[in-house]
**Student:** 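Quick one: the structure is below, questions incoming.
The structure displayed is predicted, hence computed values, not measured ones. Each chain gets a letter, A, B and so on, in the order its sequence line appears, and its residues count up from 1.
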There are 2 protein chains.
Amino acid sequence: MSSAARLEPGSVGSVETRYLDLPTPVRLDCGRELYPVRVAYETYGTLAPGRDNVILVCHALSGDAHAAGYSKTPLQEGTRDGFGAADRDGAAGRGLGWWDGMIGPGKAFDTDRFFVVATNLLGGCRGTTGPSSTDPATGRPYGSDFPVVTVADMVRTERAFLDALGIERLAAVAGGSLGGMQALEWATLFPDQVDAVVAIASTHALHPQGVAWNAIARDAIMRDPAWRGGHYYGTGLAPDAGMGVARMVGHVTYLSAPALDEKFGRRLQFSDDIRYTITEPEFEVESYLRHQADSFVRRFDANTYLYTSRALTYFDLARQHGGGSLTRALAGVSARTLLIAFSSDWLYPPAASAEIADALRTLGKPVELHVIDAPYGHDCFLLEEARQTPIIRRFLAHAGTSG
Amino acid sequence: MSSAARLEPGSVGSVETRYLDLPTPVRLDCGRELYPVRVAYETYGTLAPGRDNVILVCHALSGDAHAAGYSKTPLQEGTRDGFGAADRDGAAGRGLGWWDGMIGPGKAFDTDRFFVVATNLLGGCRGTTGPSSTDPATGRPYGSDFPVVTVADMVRTERAFLDALGIERLAAVAGGSLGGMQALEWATLFPDQVDAVVAIASTHALHPQGVAWNAIARDAIMRDPAWRGGHYYGTGLAPDAGMGVARMVGHVTYLSAPALDEKFGRRLQFSDDIRYTITEPEFEVESYLRHQADSFVRRFDANTYLYTSRALTYFDLARQHGGGSLTRALAGVSARTLLIAFSSDWLYPPAASAEIADALRTLGKPVELHVIDAPYGHDCFLLEEARQTPIIRRFLAHAGTSG
């Protein structure tokens, strides 16, 4: 870390993404094995001698291993254009981690106490093995020959990665959205190795409208001729047009209608009156969406979007582990669970978190559900840091043992 | 009409779409004049000798002049493939009009009393002049050289069409969604010629999230390389891929999340377990959306989608007629107004109808607002016929004079 950055209060300072190659293949739900598997990761804070203060932070669809601090390291692989850090949409930070407001000294995930580990998920495009990685069978990028991965596969990869780091137990596993799915999957797959779960703006199974939005986003990518059946690497082209549409669909689902109203209203972009144009953005919200699309396609791989979207759509604790019953699926959980949801989140609505809480309470397991009344929709999990922080700090007060 | 069809109770029987060429150019909001303009229309019931029993029915984004009965006539122009009738999505009817449940003897718009007229809107692709029509300046289809039209332009075209039919006054003008916008525009532009307005699941101005969804749908079309800047006619190609995405986006916004949940849940399409596929539909809702996309692109023109979506996005009574004030915009209205909204409609929410009702009440004008508690979202205006019918019949009881 640079000393200048280290002095900034609450910041973990300058960080670099590192890479670890797993020693053995990862067995996947689909029946295939994946090898080699590289995992991109960052760590913040200090590992306690007893190795009992580890918090694994899992990212959502468009995130990466750079969760906190300022990135000084370029990516090794996986992005077409070598853009350094996730330019977190809607955040001011250039090179700032996607959850920087939550991870650091004195923050929700307090690096004065905890050793926080963040990885890029399996199938990713920010350093961890994914569709843009080289297929050892062909010497060329996998493309759509990459196996279809599940949230459980992501978690098994994280498990293998922590094994390689010599970390057996997690004081906590935490994440929002797809990150929260990973946290819940951890508690289900490895109940004896997780002390606490923090699942924010997440669900045990995406509702059908969410399944629909994800299907539309994937179709927008796959209908782009530049997708070329998933084998666009090396062609000089990419399905940017389709992925831009996918991102715009996603973006609107991450926000609430009142938030869009408050932020943009029906304001026109250039004048007091309409200009009678089909092709040009006319309303501010139209221009904003195009900007979101353009900046996203510059930093993200379309195939990773497809695979990750498919994984979060498949995720269904009751189907996977309970023969259709959520209560049965959670019967083996031993972790304490903290669920946070946001009143205006219509993609991962509070009702889904309430179903998880009900199932855990029925089983007599310790669970807290906090529904935060906030207007920004699903994006609240990235924006409402100040209101999540005391809830998470209190929940983690007795986690781990030292720092 | 065929006698067999005529005998079916409540049906207007077999109908044919007719065409009328307007005698003079239509002046458009954008400053251009459009000529020639052909209007496709159908009529149901009998024009009273006093010509005082006319109800104009206006259609929504994907509708046409075939509002009721069974169509026996192929379209003259405007569809690429000559498909005959609007295969109304979600309705059983093959060739059945899009509002057949509402128009006919004894129905909401009672053809025993009223002479009901339905036209295809300006910019349409089902017989009325639109982007797929021949540009007299070039002898080829307009494509994106077609002028950008507004809801007011649609209404002026309907006014000119009724003039040509010798109809001066409307006992009522009615429609849902964009059709309701036309009805409200009629009452504002031609206050002395409209006795009653029936605006269902509509608004005085689409909210920003609706603006966003429409922008995404248009972008999906325009990003399809086959769109070719709007000049795809005669190439043997059309932006079907992009329009399919546009339709899927639209379709999800027309339904409510609970309706999707009730209709599809998270049911898988082929088996009890997932098949690990990115490209194939896996959940029933995914398959359903693809089917909706495929059937829509066979019957609808992409440029008409663009122009119509732009018009309904621009529509803003307060901006157009009130210097930003809805109350001022409605100050000249003399029609009685009936507003119907649906509790689960999040695209044209009840709050928008309430704003119109409030403005009219402030002005001391007669208005009724009925919010129907129904689960199917925006599509309720096409589905909840039984519950709308008594409200509309009561409202129209004193409209017109004979039938």
**Student:** Do you know which of B/A257, B/G229, B/A226 has the most heavy-atom pairs with chain A at a distance under 4.5 angstrom?
**Tutor:**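 Most heavy-atom pairs under 4.5 Å with chain A: B/A257.
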
**Student:** Sort A/L306 into side chain, backbone, both or neither according to what part of it lies under 4.5 angstrom from a heavy atom of chain B.
**Tutor:**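 When you check distances to chain B, atoms from both the backbone and side chain of A/L306 fall under 4.5 Å.
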
**Student:** Report, as yes or no, whether the 6.0 Å neighbourhood of atom CZ on A/F264 holds more than 12 heavy atoms from other residues, nucleotides or ligands.
**Tutor:**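 Enclosed: over 12 neighbouring heavy atoms sit under 6.0 Å from CZ of A/F264.
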
**Student:** Top residue by heavy-atom pair count (under 4.5 Å) with chain B, among A/G265, A/P147, A/P349, A/G242?
**Tutor:**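 Most pairs with chain B among the choices: A/G265.
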
**Student:** Between A/I274, A/L260, A/D316, which shows the greatest number of heavy-atom pairs under 4.5 Å with chain B?
**Tutor:**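 Maximum pair count with chain B is reached by A/I274.
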
**Student:** Please rank B/I216, B/T279, B/V285 by heavy-atom pairs under 4.5 Å with chain A and give me the top one.
**Tutor:**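 Most heavy-atom pairs under 4.5 Å with chain A: B/I216.
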
**Student:** Can you tell me which portion of A/S309 sits under 4.5 Å from chain B's heavy atoms? Options are side chain, backbone, both or neither.
**Tutor:**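 The answer is neither part of A/S309.
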
**Student:** For A/T313, is it the side chain, the backbone, both or neither that has a heavy atom under 4.5 Å from a heavy atom of chain B?
**Tutor:**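 Its backbone and side chain both get close to chain B.
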
**Student:** For B/Y276 and A/D29, indicate whether the former's side chain and the latter's backbone hold a donor-acceptor pair under 3.5 Å.
**Tutor:**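 Pair found, side chain donor or acceptor close to backbone of A/D29.
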
**Student:** Should B/I278 and A/V148 count as side-chain neighbours, where that means a heavy-atom distance under 4.5 Å?
**Tutor:**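 In short, these two side chains touch, coming nearer than 4.5 Å.
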
**Student:** Give the member of B/R275, B/R290, B/E284 that has the highest number of heavy-atom pairs under 4.5 Å with chain A.
**Tutor:**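 Sorted descending by pairs with chain A, the first entry is B/R290.
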
**Student:** Measure distances from A/Y314 to the heavy atoms of chain B and classify the residue's part below 4.5 Å as side chain, backbone, both or neither.
**Tutor:**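 When you check distances to chain B, atoms from both the backbone and side chain of A/Y314 fall under 4.5 Å.
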
**Student:** Where on A/E282 is there a heavy atom nearer than 4.5 Å to chain B: the side chain, the backbone, both, or neither?
**Tutor:**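 When you check distances to chain B, atoms from both the backbone and side chain of A/E282 fall under 4.5 Å.
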
**Student:** One pair to check against salt bridge (Lys or Arg N to Asp or Glu O under 4.0 Å): A/E286 and B/R310. What are the steps and the verdict?
**Tutor:** CA-CA 12 Å; A/E286 295 176 350; B/R310 185 40 115 190; 2.9 Å; yes

**Student:** What part of A/R267 lies closer than 4.5 angstrom to a heavy atom of chain B: side chain, backbone, both or neither?
**Tutor:**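 When you check distances to chain B, no heavy atom of A/R267 falls under 4.5 Å.
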
**Student:** Given heavy-atom pairs under 4.5 angstrom as the criterion, report whether the side chain, backbone, both or neither of A/N214 touches chain B.
**Tutor:**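 Contact with chain B involves no heavy atom of A/N214 at all.
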
**Student:** Please classify the contact of A/L206 with chain B as side chain, backbone, both or neither, using a heavy-atom distance under 4.5 Å.
**Tutor:**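 Both backbone and side chain.
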
**Student:** Name the region of A/V249, side chain, backbone, both or neither, that has any atom closer than 4.5 Å to a heavy atom of chain B.
**Tutor:**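 Answer is both: backbone and side chain atoms of A/V249 are under 4.5 Å from chain B.
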
**Student:** For chain B, find which of A/A241, A/P225, A/A215 contributes the most heavy-atom pairs closer than 4.5 angstrom.
**Tutor:**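 The candidate making the most pairs under 4.5 Å is A/A241.
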
**Student:** Which answer fits A/A293, side chain, backbone, both or neither, if we ask what part of it has an atom under 4.5 Å from a heavy atom of chain B?
**Tutor:**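 The side chain, not the backbone.
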
**Student:** State the CZ-CZ distance between A/F315 and B/R266, to the nearest 0.5 angstrom.
**Tutor:**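 Going from CZ on A/F315 over to CZ on B/R266, the span is 9.5 Å.
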
**Student:** Could you tell me whether B/D240 and A/R223 make a salt bridge, using a distance below 4.0 angstrom between a side-chain N and a carboxylate O?
**Tutor:**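 No, no charged N to carboxylate O under 4.0 Å.
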
**Student:** When you compare the side chain of A/D261 with that of B/Q209, does any pair of heavy atoms fall below 4.5 Å?
**Tutor:**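 No, every pair of side-chain atoms sits at 4.5 Å or beyond.
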
**Student:** Is the number of heavy atoms from other residues, nucleotides or ligands within 6.0 Å of CD (A/E262) greater than 12?
**Tutor:**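 Open.
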
**Student:** Given a strict heavy-atom distance threshold of 4.5 Å, which part of B/S144 is in contact with chain A: side chain, backbone, both, or neither?
**Tutor:**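 No part of B/S144 comes within 4.5 Å of chain A.
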
**Student:** Below 4.5 Å from any heavy atom of chain B, which atoms of A/M222 appear? Answer side chain, backbone, both or neither.
**Tutor:**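 Side chain of A/M222 only, per the 4.5 Å heavy-atom cut-off to chain B.
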
